[in-house]
Peer 1: 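Pasting a structure here, questions to come.
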Amino acid sequence: EVDIIVTYGALSTFAAIDERIKTPILFVNVYEPMVATIRAKNVTGITVKTPISSLLRYLRGLTARSKLGVTYSTSEEESVYQLKEVMKLSGNFGFKVEELDLKSLINAKKFPAQLSDKEIDAIFITSSSIAQSILPSIIEFARNNKIPTASLVLDKASPSTITLCPAIEDHGRLAAEKVLKIIDGTPPANIKAESSNKMELIFNLKEAKALNFGMPIELITEATKLLN
């Protein structure tokens, strides 16, 4: 028996809610539009609303080409929200979106081979857990085909060319504050879900060099971290 269940991301959060348990659930890193769909009273947490327009702007700074592949999964509603936002904003930056639906983990394992049939100039990687599970393969495909990648999640083993993601330390601090309130007896329903606005902007200079892309100095000056 536990006093609090901590979940990370929408997929695990909604899986815990579906169990209809009374134990308080504290979620971390759930995409903000998804929170409005939560009706359970034993849930609170930390939301995130990554400025996708900023990530598209940074990606446009790397390439003048237009065909943007977006990896997502129809089985993960959070990634569908992100796809829709990319599609809504892409025209402002001269991108045309190619939907790359991973559907399931089994289908995703065939995904890098399927990419070779598509003329993609850049890849946008949503927070889909399926996309993240095959990220090394996506990055390898992009590297072999000299196209940049942009991701909403940082993978230290296979970092994208550009990553824009929540600052983990800030999420941890906010989550810890809510854990203490719950332990002290405050019902989750009385603890308002909170958004973390602190972002990490990470440019992978080593990857950009391997792709033969020059990283514009005006972008570099905005970075919170550079990977050499």
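What you see is a predicted model, and the numbers here were worked out from it, not measured in a lab. Values below: every heavy atom of this structure, side chains too, minus hydrogens, waters and symmetry copies.
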Peer 1: Heavy atoms, side chains only, cut-off 4.5 Å: are Val28 and Leu174 in contact?
Peer 2: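 Of all side-chain heavy-atom pairs linking Leu174 with Val28, none is under 4.5 Å.
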
Peer 1: Run through Val153, Thr149, Asp155, Leu154 and flag the one making a side chain to side chain contact (heavy atoms under 4.5 Å, CB included) with Ser151.
Peer 2: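 Result for side chain to side chain contact (heavy atoms under 4.5 Å, CB included) with Ser151: Val153.
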
Peer 1: Among Asp3, Ile25, Ile4, find the one that has a side chain to side chain contact (heavy atoms under 4.5 Å, CB included) with Ile182.
Peer 2: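 Between Ile182 and the candidates, side chain to side chain contact (heavy atoms under 4.5 Å, CB included) is satisfied uniquely by Ile4.
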
Peer 1: Would a 4.5 Å heavy-atom cut-off, applied to side chains only, mark Lys118 and Leu100 as touching?
Peer 2: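 Yes, at least one pair of side-chain atoms sits under 4.5 Å.
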
Peer 1: Determine whether Pro159 and Asn204 make a side-chain contact, defined as any pair of heavy atoms from C-beta on separated by less than 4.5 Å.
Peer 2: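 Yes, close enough: below the 4.5 Å cut-off.
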
Peer 1: Are any of the side-chain nitrogens in Glu119 or Lys67 under 4.0 Å away from the carboxylate oxygens of its partner?
Peer 2: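 Result for this pair is no, no salt bridge flagged.
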
Peer 1: Backbone N or O of Thr186 within a donor-acceptor pair of the Asn190 side chain at under 3.5 Å?
Peer 2: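 The answer is no, because no donor-acceptor pair under 3.5 Å joins these two groups.
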
Peer 1: When hydrophobic residues are tied together by side-chain contacts of less than 4.5 Å, even through go-betweens, does Ile134 share a cluster with Ile120?
Peer 2: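 Per the 4.5 Å side-chain linkage, Ile134 and Ile120 are co-clustered.
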
Peer 1: Students often mix this up, so state it plainly: with edges at 30° and 60°, are the rings of Tyr81 and Tyr31 parallel, tilted or perpendicular?
Peer 2: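 Answer is tilted, since the angle falls between 30° and 60°.
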
Peer 1: Do the side chains of Phe27 and Asn29 get nearer than 4.5 Å, heavy atoms only?
Peer 2: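 Of all side-chain heavy-atom pairs linking Phe27 with Asn29, none is under 4.5 Å.
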
Peer 1: Would one find more than 12 heavy atoms of other residues, nucleotides or ligands at under 6.0 Å from atom NZ of Lys146?
Peer 2: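 Counting neighbours around NZ of Lys146, more than 12 heavy atoms of other residues, nucleotides or ligands fall under 6.0 Å, so yes.
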
Peer 1: Do the side chains of Arg173 and Asp170 get close enough for a salt bridge, i.e. N-O under 4.0 angstrom?
Peer 2: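 Asp170 and Arg173: salt-bridged.
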
Peer 1: Does a side-chain heavy-atom distance below 4.5 Å link Leu201 with Lys225?
Peer 2: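 No, too far: nothing below the 4.5 Å cut-off.
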
Peer 1: Contact between Leu152 and Cys165 at the side-chain level, heavy atoms closer than 4.5 Å - yes or no?
Peer 2: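 They are not in contact (no side-chain heavy atoms under 4.5 Å apart), so the answer is no.
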
Peer 1: Is the side chain of Lys181 donor-acceptor paired with the backbone N or O of Pro188 at a distance under 3.5 Å, no angle test?
Peer 2: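 Between the backbone of Pro188 and the side chain of Lys181 there is no qualifying donor-acceptor contact (under 3.5 Å).
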
Peer 1: Inspect the contact between Glu169 and Lys198 and indicate whether a charged nitrogen and a carboxylate oxygen are less than 4.0 angstrom apart.
Peer 2: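 Answer for the salt bridge query: no.
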
Peer 1: How close do Ala208 and Met215 get, counting heavy atoms only, and between which atoms?
Peer 2: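 What the structure gives for the nearest pair is CB-CE, 4.0 Å.
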
Peer 1: Can you check whether Arg60's main-chain N or O pairs, donor with acceptor, with Arg57's side chain at less than 3.5 Å?
Peer 2: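 Such a contact is absent between Arg57 side chain and Arg60 backbone.
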
Peer 1: How about Gln82 and Tyr72: do any of their side-chain heavy atoms sit closer than 4.5 Å?
Peer 2: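 They are not in side-chain contact.
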
Peer 1: Please check this pair: side chain of Ser75 against backbone of Ser104, looking for a donor-acceptor N/O pair closer than 3.5 Å.
Peer 2: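 Looks like no, no N/O pair under 3.5 Å.
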
Peer 1: Looking only at non-hydrogen atoms, find the nearest pair between Ala193 and Thr44 and report the distance.
Peer 2: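 Reported closest heavy-atom pair: N-OG1, 3.6 Å.
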
Peer 1: Report yes if some heavy atom in the side chain of Phe124 is under 4.5 Å from a heavy atom in the side chain of Val97; otherwise report no.
Peer 2: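 No, too far: nothing below the 4.5 Å cut-off.
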
Peer 1: Using a strict cut-off of less than 4.0 Å between a Lys/Arg side-chain nitrogen and an Asp/Glu carboxylate oxygen, indicate whether Lys49 and Glu85 qualify as a salt bridge.
Peer 2: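 Yes.
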
Peer 1: More than 12 foreign heavy atoms under 6.0 Å from CD1 of Ile220: is that the case here?
Peer 2: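 Above 12, so yes.
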
Peer 1: Can you check whether Ser79's main-chain N or O pairs, donor with acceptor, with Ser128's side chain at less than 3.5 Å?
Peer 2: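 Absent.
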
Peer 1: Given 3.5 Å as the limit, does a donor-acceptor pair link the side chain of Glu76 with the main chain of Ser129, or not?
Peer 2: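 Such a contact is found between Glu76 side chain and Ser129 backbone.
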
Peer 1: Are Phe14 and Leu26 co-members of a hydrophobic cluster defined by side-chain heavy atoms under 4.5 Å apart?
Peer 2: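 They do not share one cluster, since no chain of ILVMFWY contacts under 4.5 Å joins Leu26 to Phe14.
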
Peer 1: Is a donor on one side and an acceptor on the other found under 3.5 Å between the side chain of Ser196 and the backbone of His171?
Peer 2: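 No; zero donor-acceptor contacts below 3.5 Å.
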
Peer 1: Would you say Glu218 has more than 12 foreign heavy atoms packed within less than 6.0 Å of its CD?
Peer 2: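 Atom CD in Glu218 is crowded, with more than 12 foreign heavy atoms closer than 6.0 Å.
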
Peer 1: Kindly give the heavy-atom pair with the smallest separation between Thr63 and Pro148, and that separation in Å.
Peer 2: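 Looking at all heavy atoms of both residues, the shortest contact is CG2-CG, 4.2 Å.
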
